[in-house]
Amino acid sequence: MKSIIMFTNNPLDYKECSKVLEPVFPGITINEIQCFYGKPPKSFNFDFEYERDQDSLDPLDEALANKIPVKNPYCTVLDYHKDQMAQKVVKALLPLYPELYILDDQTEWLGEAKEYIELDYAKINQQMQ
């Protein structure tokens with residue numbers, strides 16, 4: 001699986017997330033602990049993180065934390081198979097979390113969610129081969 005880290009000022013709220021994700025992903029499972037959709041290779045999941053980065057057991061390293069405009073963020077890891085599905089999740093969450101900032105673990109891309117949504121993964125994946 002691939003993963004991105006979503007940085008926010010506030011923890012993702014499962015009730016609010018369900019309102020924006022259910023119309024995009026019919027049959028999605030969302031509860032207080034996690035969000036899960038589909039079956040591999042068309043699936044994604046994330047756990048709701050209710051702890052700020054600096055309070056976690058594995059905080060971001062200082063160099064990376066300094067590049068993120070969200071100070072002491074909540075860090076939610078989205079695991080997925082298809083890049084386009086992850087982009088759809090971010091696009092759905094963006095109205096709820098306008099400060100949303102993304103780190104793509106595979107490409108080490110870091111930036112605003114609205115820029116992430118526009119990434120051309122077909123081209124990026126081709127360049128990485």
Side-chain angles (χ1 to χ4, degrees):
M1 284 188 105
K2 301 176 182 181
S3 62
I4 60 171
I5 303 174
M6 302 184 288
F7 303 101
T8 54
N9 284 324
N10 298 302
L12 299 185
D13 178 270
Y14 79 96
K15 290 178 184 176
E16 293 300 314
C17 288
S18 66
K19 291 177 188 175
V20 297
L21 292 173
E22 285 175 353
V24 179
F25 300 101
I28 194 169
T29 299
I30 301 176
N31 58 41
E32 298 92 347
I33 299 169
Q34 68 176 351
C35 173
F36 183 83
Y37 177 77
K39 295 180 181 175
K42 294 183 179 180
S43 67
F44 66 82
N45 68 75
F46 62 88
D47 292 339
F48 288 97
E49 183 57 58
Y50 298 108
E51 188 174 70
R52 288 196 176 273
D53 176 58
Q54 293 175 358
D55 299 329
S56 73
L57 294 174
D58 188 20
L60 298 170
D61 77 25
E62 190 174 339
L64 176 59
N66 289 334
K67 294 178 184 177
I68 299 166
V70 180
K71 296 303 169 203
N72 195 16
Y74 290 90
C75 305
T76 305
V77 177
L78 170 66
D79 294 314
Y80 63 94
H81 290 95
K82 302 267 185 202
D83 299 308
Q84 295 78 11
M85 288 183 85
Q87 287 173 305
K88 282 184 178 181
V89 171
V90 170
K91 186 175 183 178
L93 295 176
L94 186 54
L96 298 175
Y97 304 95
E99 78 283 2
L100 187 56
Y101 216 73
I102 306 293
L103 171 63
D104 180 325
D105 281 352
Q106 285 66 242
T107 65
E108 296 184 13
W109 183 91
L110 179 68
E112 294 180 7
K114 57 187 165 197
E115 295 172 359
Y116 173 77
I117 294 165
E118 300 298 323
L119 290 177
D120 182 350
Y121 268 99
K123 187 175 181 179
I124 291 169
N125 290 334
Q126 186 177 24
Q127 290 173 347
M128 290 182 68
Q129 293 178 343

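In what follows, residues are counted from 1 in the order of the sequence shown.
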Is there a path of hydrophobic side-chain contacts, each under 4.5 Å between heavy atoms, that joins [X] and [Y]?
{"X": "L60", "Y": "V70", "result": "yes"}
{"X": "M1", "Y": "Y37", "result": "no"}
{"X": "L78", "Y": "Y50", "result": "yes"}
{"X": "F48", "Y": "F25", "result": "yes"}
{"X": "F44", "Y": "Y116", "result": "yes"}

Atom [atom1] in [X], atom [atom2] in [Y]: separation rounded to 0.5 Å?
{"X": "I68", "Y": "F7", "atom1": "CD1", "atom2": "CZ", "answer": "3.5 Å"}
{"X": "L21", "Y": "T29", "atom1": "CG", "atom2": "OG1", "answer": "11.5 Å"}
{"X": "C17", "Y": "N31", "atom1": "SG", "atom2": "CG", "answer": "12.0 Å"}
{"X": "N45", "Y": "H81", "atom1": "CG", "atom2": "NE2", "answer": "9.0 Å"}
{"X": "D83", "Y": "L119", "atom1": "CG", "atom2": "CG", "answer": "9.0 Å"}
{"X": "D79", "Y": "F36", "atom1": "CG", "atom2": "CZ", "answer": "10.5 Å"}

Of all heavy-atom pairs between [X] and [Y], which one has the smallest distance, and what is that distance?
{"X": "C75", "Y": "I5", "value": "CB-CG2, 3.9 Å"}
{"X": "S43", "Y": "G38", "value": "CB-C, 3.6 Å"}
{"X": "P23", "Y": "S18", "value": "CD-O, 4.1 Å"}

Which residues share a salt bridge (Lys or Arg N to Asp or Glu O under 4.0 Å) with K42, sequence neighbours left out =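 K42 satisfies salt bridge (Lys or Arg N to Asp or Glu O under 4.0 Å) with no residue once adjacent residues are dropped.
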Excluding sequence neighbours, so at least two apart, what forms side chain to side chain contact (heavy atoms under 4.5 Å, CB included) with P41?
-> none
Enumerate the residue pairs fulfilling salt bridge (charged side-chain N to carboxylate O under 4.0 Å, His left out) with a member in [range], sequence neighbours excluded, ordered by first and then second residue.
{"range": "residues 55-68", "result": "none"}
{"range": "residues 101-114", "result": "E112-K114"}
{"range": "residues 14-36", "result": "E16-K19"}

Heavy atoms of other groups near K91 NZ, more than 12 under 6.0 Å =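 No, not enclosed.
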Between [Y] and [X], is there a side-chain heavy-atom distance shorter than 4.5 Å?
{"X": "V89", "Y": "Y80", "result": "no"}
{"X": "Q84", "Y": "Q87", "result": "yes"}
{"X": "V90", "Y": "I4", "result": "yes"}
{"X": "P59", "Y": "Q54", "result": "no"}

Pair up each side-chain donor or acceptor in residues 92-102 with any protein partner under 3.5 Å, not counting sequence neighbours, and list the distances.
unit_1	atom_1	unit_2	atom_2	d
Y97	OH	D13	N	2.8
E99	OE2	N9	N	2.7

